[in-house]
Amino acid sequence: MKTQSQLLEGLNTDQHRAVVTTEGPLLVLAGAGTGKTRVITIRTAHLMNEGIAPENILLVTFTNKAAREMRERLRKLCGEKAKEVTCGTFHSFCIRLIREHHEKIGLPKSFGICDSSDQLNAIKAQLRELRIAETSVNPRAAQSRISLYKNSMILPEDAFKEAEDDYDIMIARCYEKYQEYLRRSRVVDFDDFLLYTHALLRDNEDVRLQLEKQFKYVMIDEYQDTNTPQYEIIHAIVKNHRNICVVGDDDQSIYGWRGADIQKILGFEKDFPGAGKVYLGTNYRSTQEIIDAANMVIKNNSSRHEKELRSAYGSGESVSILRVEDEIHEASHICGDIRHQVGLKQAHYRDFAILCRTAQQPRAFETELRSANIPYKLIGGQSFFDRKEVRDILSYLRVIDNPADETSFLRIVNTPPRGIGKGTIDKILAKATEEGKGAYAVFKESHDANELATAASKGFSRLSDALRAAYISVQANEDLVATLRKLISDIDYHEEVARCYPDPDTAQVRWAGVDEILNFAENYQRKNGAADLNGFLQEMMLDESDNDDDDSDVVTLMTLHAAKGLEFRNVYLVGLEEGLLPHKRSAIDGNIEEERRLMYVGVTRAQRLLLMTFCTARAKFGKLQACHPSRFLFEMKGKAPPDDWVPASEV
DNA sequence: CAAAACTGCCTTTTT
DNA sequence: GGCAGTTTTG
């Protein structure tokens with residue numbers, strides 16, 4: 001634990017003020033790289049030095065990555081005491097509350113978590129039941145509308161009231177049915193975490209009081225990304241003691257699509273009259289060249305606080321832009337560059353980050369990095385949970401944990417194939433809807449009544465035996481890993497993987513996902529000393545596992561959204577093409593300014609070297625398509641496109 | 001009636 | 001390029 005003066009030394013006047021203003025509401029407007037995380041962590045340590053117990057401090061971030069980073073820094077600053085500070089994402093904070101108070105909001109003790117892919121399946125099922133063709137309502141569009149409704153605290157009945165046309169009404173009906181489905185299936189989706197928590201605090205003054213008493217000091221990181229339910233939750237906790245410190249930057253608001261409301265940070269002083277305000281404008285992260293590039297881009301946004309970052313570091317290398325043929329060349333050039341620099345002992349692998357707009361871009365890089373033998377880690381993205389094998393096994397576990405989870409049951413009922421085909425499933429589903437029962441229950445009834453075809457009947461017996469055996473082991477609190485192993489072998493999953501992927505190398509890669517689940521289970525069991533399946537599933541869905549080795553010497557590969565709040569010596573900002581950044585979709589939705597902020601976030605991650613790349617062609621939907629350099633590159637260079645890197649025809 | 005072969009559709013970002 | 005949904009085959 002550091003002493004008071006050690007803690008505060010090296011802070012500039014504004015940072016110092018942000019740290020020592022501990023009482024009452026405080027707004028910290030912190031530009032990129034101005035020591036925001038440092039201020040939050042030092043402020044936390046300072047509070048503890050002032051005699052505030054760590055368990056009275058709540059620190060909220062938006063991504064797991066940021067939460068881990070924060071915890072780590074806090075540990076370095078004040079050692080083991082850091083563990084007692086509550087530090088996590090809104091979602092992890094909320095799910096803990098919901099678990100603890102499940103009966104107050106009418107949820108079963110163990111409930112499942114419906115991720116966005118389950119959500120999509122569920123929505124498709126509701127559309128089918130409503131006889132709405134997928135051609136008239138795109139399920140994905142419905143999904144994002146519903147999610148946006150929930151994140152704006154618009155209930156189904158409000159959605160009906162707000163509806164302006166038939167399409168809106170269809171969405172509202174789907175929303176209503178979807179919510180019924182969630183209740184019936186005893187699952188909650190990510191958006192529900194916030195809504196249930198909000199309802200819990202609104203309707204149970206005792207719970208609210210308890211939280212208010214516990215969390216006497218609250219800090220919110222990335223406040224510009226707060227949406228309405230998040231705001232309401234925090235407000236409920238701090239409204240009386242008003243010890244809330246929010247930190248954010250309107251130029252880095254990149255979650256508008258998730259209901260984040262930039263007005264929350266702009267209106268903070270109105271919400272908390274008399275709030276203190278600190279502006280941090282000195283950038284300690286990057287060279288002046290990098291800051292200049294960032295400023296050149298962001299000043300094109302109209303709705304923002306007028307401000308300009310200054311680099312404390314001073315001049316460095318100039319930022320560079322590279323044109324490459326396609327995404328394969330892009331990846332191989334960058335890998336070559338990394339190898340070269342590491343080979344010359346100029347840098348470590350961990351000094352490098354590759355940042356991209358979409359979650360599928362990393363694929364090309366993964367291939368290249370692997371073949372170049374460069375160690376790397378892929379952060380976020382859909383890597384793990386969207387792998388078929390992972391979803392399959394997790395679905396089994398979810399059905400064992402919660403037989404009412406229809407989506408998961410339907411996924412596994414004939415995976416691996418066991419003679420239960422579409423005909424049988426349709427019949428069961430029709431009966432289930434008619435009788436208002438769960439599919440699994442109806443299946444069992446039909447089976448017992450000998451109504452199933454021979455093949456289907458046999459298959460169901462085997463499935464149900466395997467599930468029951470696993471269920472009994474789980475109930476008896478037997479070793480979780482052993483239970484999983486037994487289940488996987490009961491359903492012949494290894495054979496299934498081998499059958500689906502005849503190439504042994506591919507099969508092995510696929511199987512690794514299954515192994516990873518077993519690893520998770522083992523870690524969970526060791527950490528918690530219990531074989532609680534529901535807890536394991538929930539923790540896994542939230543990616544709360546501490547098993548990432550943060551100081552390993554590897555290259556980081558991630559999306560721009562995942563990169564916010566992080567910094568790297570050398571940054572590659574890749575795929576800077578029209579249609580990708582800014583993304584084509586955002587041009588339609590009129591969110592170009594948010595795309596520009598994404599670009600700004602990317603540029604300001606770099607400390608010393610920034611290389612931006614764009615391709616002249618890129619494979620889209622498996623077909624090569626010509627690309628044009630991003631408008632943001634032109635903005636950065638001061639509108640005139642230099643003809644040395646852009647063919648005149650593309651300007 | 002289930003499994004294999006085939007077709008047409010996408011894909012923004014996260015918890 | 002990959003996958004869900006559809007058609008053809010066994």
Handout entry: Qualifying residue, where the test is ring pair (Phe, Tyr, Trp, His ring centres under 6.0 Å) with A:Phe90 and the options are A:Tyr231, A:Phe62, A:Phe193, A:Phe190
Key = A:Phe62

Which nucleotide in [options] has an atom nearest any side-chain atom of [X]:
{"X": "A:Lys427", "options": "B:dT15, B:dT13, B:dC1", "result": "B:dC1"}
{"X": "A:Thr559", "options": "C:dA4, C:dG2, B:dT14", "result": "B:dT14"}
{"X": "A:Thr358", "options": "B:dT13, B:dA2, B:dT15", "result": "B:dT13"}
{"X": "A:Ala456", "options": "C:dA4, B:dA3, B:dA2", "result": "B:dA2"}

Practice task
Check the side chains of A:Tyr572 and A:Glu330 for a donor-acceptor pair under 3.5 angstrom, ignoring hydrogens and angles.
Solution key: no

Exercise for the section: Answer yes if the side chains of A:Asp189 and A:Tyr178 hold a donor-acceptor pair under 3.5 Å, and no otherwise. Expected result: yes

In this structure, how many angstroms lie between the [atom2] atom of [N] and the [atom1] atom of [X], rounded?
{"X": "A:Arg258", "N": "B:dT13", "atom1": "CZ", "atom2": "C1'", "value": "9 Å"}
{"X": "A:Arg605", "N": "B:dT13", "atom1": "CZ", "atom2": "C1'", "value": "15 Å"}
{"X": "A:Ile113", "N": "B:dT14", "atom1": "CD1", "atom2": "P", "value": "18 Å"}
{"X": "A:Ile254", "N": "B:dT15", "atom1": "CD1", "atom2": "P", "value": "11 Å"}
{"X": "A:Leu120", "N": "C:dA4", "atom1": "CG", "atom2": "P", "value": "10 Å"}
{"X": "A:Arg128", "N": "C:dA4", "atom1": "CZ", "atom2": "P", "value": "13 Å"}
{"X": "A:Ile95", "N": "B:dT15", "atom1": "CD1", "atom2": "C1'", "value": "10 Å"}
{"X": "A:Gln361", "N": "C:dG1", "atom1": "CD", "atom2": "C1'", "value": "16 Å"}

Practice task
Report the base-pairing partner of C:dA4 (Watson-Crick or G-U wobble, both distances below 3.5 angstrom), or none.
Solution key: B:dT7

Fill in the blank from the handout: The Watson-Crick or G-U wobble partner of B:dT14, with both key distances under 3.5 Å, is none

OP1 or OP2 of [N] sitting under 4.0 Å from any side-chain N/O of [X]?
{"X": "A:Thr424", "N": "B:dC1", "value": "no"}
{"X": "A:Lys388", "N": "C:dG2", "value": "no"}
{"X": "A:Lys124", "N": "C:dG5", "value": "yes"}
{"X": "A:Arg499", "N": "B:dA4", "value": "yes"}

Select base, sugar-phosphate, or nothing to describe what [X] touches, counting heavy atoms under 4.0 Å on all strands.
{"X": "A:Tyr255", "value": "sugar-phosphate"}
{"X": "A:Lys150", "value": "nothing"}
{"X": "A:Arg597", "value": "nothing"}
{"X": "A:Lys564", "value": "nothing"}
{"X": "A:Asn414", "value": "sugar-phosphate"}
{"X": "A:Phe90", "value": "nothing"}

Fill in the blank from the handout: Closest to the 5' end of DNA chain B, once A:Gly421 and A:Glu595 are matched to their nearest nucleotides, is A:Gly421

Problem - Comparing A:Ser586 and A:Ile425 on DNA chain B - which has the more 5′ nearest nucleotide - result: A:Ile425

Handout entry: A:Phe621-B:dC10 aromatic stacking (under 5.5 Å, under 30°)
Key = yes

Handout entry: Aromatic centroids of A:Tyr255 and A:His561 separated by under 6.0 Å
Key = yes

Counting only N and O atoms by type, is there a donor-acceptor contact under 3.5 Å from the side chain of [X] to the main-chain atoms of [Y]?
{"X": "A:Glu406", "Y": "A:Ala439", "result": "yes"}
{"X": "A:Thr63", "Y": "A:Ala66", "result": "yes"}
{"X": "A:Arg398", "Y": "A:Ile113", "result": "yes"}

Handout entry: Comparing A:Arg363 and A:Lys422 on DNA chain C - which has the more 5′ nearest nucleotide
Key = A:Arg363

